[in-house]
Every structure is written in C-alpha cells, then in structure tokens.
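Quick note: numbers below take in every heavy atom, side chains included, and nothing from hydrogens, waters or symmetry partners. On a predicted model such as this, the values are computed, not experimentally measured, just so you know.
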Amino acid sequence: MSFSKFSSAFGALGVATAGVLAPVIAFAQEAAQEAAPAAAEAAAAVAAAPVPDKGDTAFMFLCTLLVLFMLMPGLGLFYGGLVRAKNMLSVLMQCTMVGAAMMLVWVIYGYSFAFGGSENAFFGGTAKLFLSGITMDSTAATFSDAVIPEFVFMLFQMTFAALTPALIVGAFAERIKFSAAVLFCVLWATFVYFPVAHMVWDANGLLFGWGALDFAGGTVVHINAGVAGLIGSIMIGKRIGYGKDMMAPHSMTLTLVGAAMLWLGWFGFNAGSNLEASGGAMLATVNTFIATAAAIVSWAVVETFTRGKASMLGAASGMIAGLVAITPAAGIAGPMGAIIMGLLVSPLCYFFVAVVKNKFGYDDTADVFGIHGIGGLFGALATGIFASAALGGIGYADGVTMGAQFITQVKAVLVTIVWCGVGSFVLYKVVDLVIGLRVPVEAEREGLDLASHGEAAYHS
C-alpha cells in the first residue's frame, strides 16, 4: 500500500473513531471545565502559603544554640566559681540536670501550656501536648509577614524554659538537696514559668493584651527567677556559718569565664527574640553590647567610691546586671537609651547586693534576687520610658503615651511578682513536705560534691 493510501485509510479510521468517542470526549471536557476552578483555588492556596526564609531559619538555629551555651557551660561555671570549692560540682550538676529535665518537660507539655493556641489569658492549652501537630512543614509567625519553621521556634523557647529555672539555683546553692532542686524547678516551671510566658508572649495572653513590652524576658525570665530565688533563700535558710565563716568565691577566674560565656550567649537570647534576621535583631545586638559595657563601667565606679577599689567580682556582677536590664528593651530602646539603662542599673543592683541583703540578713548565695530580680524589675519599667521615639526608641503603639505605657509596665511587673511569689512559696512548701529541701548538717559541712554526688572538683 502506498503512503497516500495508508494516510487516507488512517484518516478514515480516525474519523470513525472520533465519531464513536465523541460523547466520551465531550464528557471529559465538561468535567475538566468544572474541576478547573477547584484546581486553580488549590494551586493559589499552595502559592500563597508562606515559606520560611532560609536565612531567618539559620539565624534562629544559631540563636537557639547560643542560649543553650548560656546554660551549659556558661551559667554552671559562673555559679560554680562563686561557691566554695567543695560545692563546685553540685552547682554544675544542678544546672545540668535542671536544664535536661526541662527540655523533656517542654516537649511533653510545656510548649503546649505556653503556646498551645488557647484563647485563655493564663494558659496555652493542651492542643500541642507531645508536640502534636508540629511537623517539618508547620510554621510560626514572626513580627512581620515572615514565618519560621515551628520546630526552631519551639526549640528556641525551649532553651529559655531550660535556662530560667536554672537561674534560681544560685540563690540556694550549697545547702539544698539535689532531688529537691530538680523537683522544685520542674514544678515551678509548670505552675509559674509556663503561665507567665503565655501571659507575656502569646497573642492571647493577659499581659500581651494589655500591651506590656518585654522583648526578651525581663518579666518572664529575670523577675520570675529573682523572686523565686529570694523566697527560696529565705525559706531554705542561711548556710551554716553564714556571716561568720569565710564564704568567698573559690574561683573568680571561672566566674569571669562563665560570665563571658553568658554575655556571648545573650546575643542569641536577645537578638533571637526578634525571630528573624532583620534590623530589629541588629538593634538588639547593639544594645546588648553597649548596655552591658556601660553597666560594667558603672559598677566599677560605684565600687571605687564606696570601697576604694574596683573588683573583678564587681565587673562580673555589672556585666550580668547590664545584660538583665537591657533584656526587656533590647529591640525596643535606642542605643543611647541602652547606655543610660546600663549606667543606672549597676548602682541599683549594688545597693541591693551590698546593703539591702546585709540589712535583712537573707542568704542569696549568688545574688539572684539582687541582680536578676532587681535588674529585671528596673529593665521592665525603664523599657516603658526608653521605648519613646523621642528618646531614640522604636515608639509606642498608636494612641499610647509614655505615662500610659509606664503604668502598663508597672502592672505587668506586679502581676509577675504576685504570681511568682505566691506560686513559689506554695511549691517550696510542697517539695519540703514531700522530700525535704535542705541537706543534713553533716552533708553541708562536708560539701555537696562528696555528700550528694560522691566526687570532688579538685584533687590535691
């Protein structure tokens, strides 16, 4: 058969086939036309779904690791250097175990209790227990239209939850049972930290709704830990020989190393609270540098006038005081406001550490209340002032004045103090009834390294 005859035959067959299949083709075309709008809507939804920026994600991953670095080894070495040599390992162990326990608590129920999506003003709910619904594709909102993976937001907040209870350890170091320290911190996080974090940082939270400003944790972290530390130091009682025996820090070298690690990690703490690698994170970084520097200089000046000499302990204390003060204002105040905050916080904290503590006789081993509590309180209130655009800050919400914002800050501080104060008192009582808070006298005299852990930090 020639090619022309083959073509004619194939064309005839095609016409016949088309005639047979015409109803089927028409039905398929009609179905396709009906499905087109639904497919277009689905495609639009996929296109409109926000995609996390890889730069923001990497930035938050780094910040999360920096906050972990604050806890281990930063905080452990800072507190460890401040206690006597026979209690060095006990402090390291308490910080380590509290941090590890809190990481487990956080993923089991803590994240849900703080950020579970509940519209309750005090409680995040149970929707995200055991990290339910959190996948590689789920996202968390930032302060702009951007998003980050929810996994990295959850982990960043986990490091906060691990670090904050460990801060309390410094207030009752050298005389608390290891088991009591861990149990108290887990209970405290459950009934104090998670609700306060929800109230301040969740969109449905009570203090968030009031418009309270707390960029990185002045109320949630530092006032919270400071008040709990003060109550613990009073309820557990003074160390044996306090005010009579030599209880000077056994290693100022380690204390400075730990403080320097805290300063480094604090950049993750403050800049990471911006939740994205933008100008707000850089403002927080600048303020974390210069407020801290101002506080170190200010503490040294105060000591020179009051004691005649500036001490290394004072420089380390000023470093932490400056970091604490700028935390709630890190991404809110301007650089000059940050310097003023750093200059003012050190004399205030020094007064509580050197005068008030001696006046009232409570034994706050590492001055958790004097530095974290007072520094956090000052920072939270000062944030309401230095947020003003006239003072170089980012400004207030529409219609809010400096006076109104300051009153809101006062209310937020009072709520935090009362919630933490009452909750901490009750939880110390519970732990004391269940397992007891304090080690026996013989164990305290021997040192908790050997008595509680069977090992020593140093061997002669």
Side-chain donor or acceptor of [X] paired with backbone N/O of [Y] under 3.5 Å:
X	Y	answer
Asp432	Leu437	yes
Asn287	Ala330	yes
Trp201	Ala216	no
Ser346	Ala295	yes
Lys86	Arg445	yes

Between Phe194 and Trp106, is the gap from one ring center to the other below 6.0 Å?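 Between Phe194 and Trp106, the centre distance is under 6.0 Å.
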
Report task. Compute the ring centroids of Tyr458 and His250, then answer whether they are less than 6.0 Å apart. Result ->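 Yes, close enough.
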
Does [X] [atom1] have over 12 foreign heavy atoms under 6.0 Å away?
X	atom1	value
Phe178	CZ	yes
Phe61	CZ	no
Asp145	CG	no

| Would you call Lys128 and Glu150 a salt bridge, taking side-chain N to carboxylate O under 4.0 Å as the test? |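 Salt bridge between Lys128 and Glu150, a charged N being under 4.0 Å from a carboxylate O: yes.
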
Would you call Arg175 and Glu444 a salt bridge, taking side-chain N to carboxylate O under 4.0 Å as the test?
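Judged by the 4.0 Å cut-off on N to carboxylate O distance, Arg175 and Glu444 do not form a salt bridge.
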
I need the minimum non-hydrogen distance between [X] and [Y], along with the two atoms involved.
X	Y	result
Ile240	Val441	CD1-CG1, 3.4 Å
Phe78	Ile320	CZ-CG1, 3.8 Å
Phe156	Gly272	CZ-C, 3.4 Å
Glu276	Phe143	OE2-N, 3.7 Å
Ala141	Leu275	O-CD1, 3.9 Å

Notebook entry, point to check: Do Glu174 and Asn87 have a side chain donor and acceptor closer than 3.5 Å?
Noted result: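 Yes, because at least one side-chain N or O of Glu174 sits under 3.5 Å from a partner of the opposite role on Asn87.
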
inquiry  = Just by distance, no angles: are the side chains of Ser298 and Tyr350 close enough, under 3.5 Å, to form a donor-acceptor pair?
reply    =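 The answer is no; no qualifying pair exists.
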
Ring pair (Phe, Tyr, Trp, His ring centres under 6.0 Å) with His222: which of Phe160, Trp266, Phe378, Phe369?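 That would be Trp266; it is the only one of Phe160, Trp266, Phe378, Phe369 passing the ring pair (Phe, Tyr, Trp, His ring centres under 6.0 Å) with His222.
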
Report task. Let me know which of Lys238, Lys357, Arg239 forms a salt bridge (charged side-chain N to carboxylate O under 4.0 Å, His left out) with Asp363. Result ->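 Going through the options one by one, the only one that passes is Arg239.
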
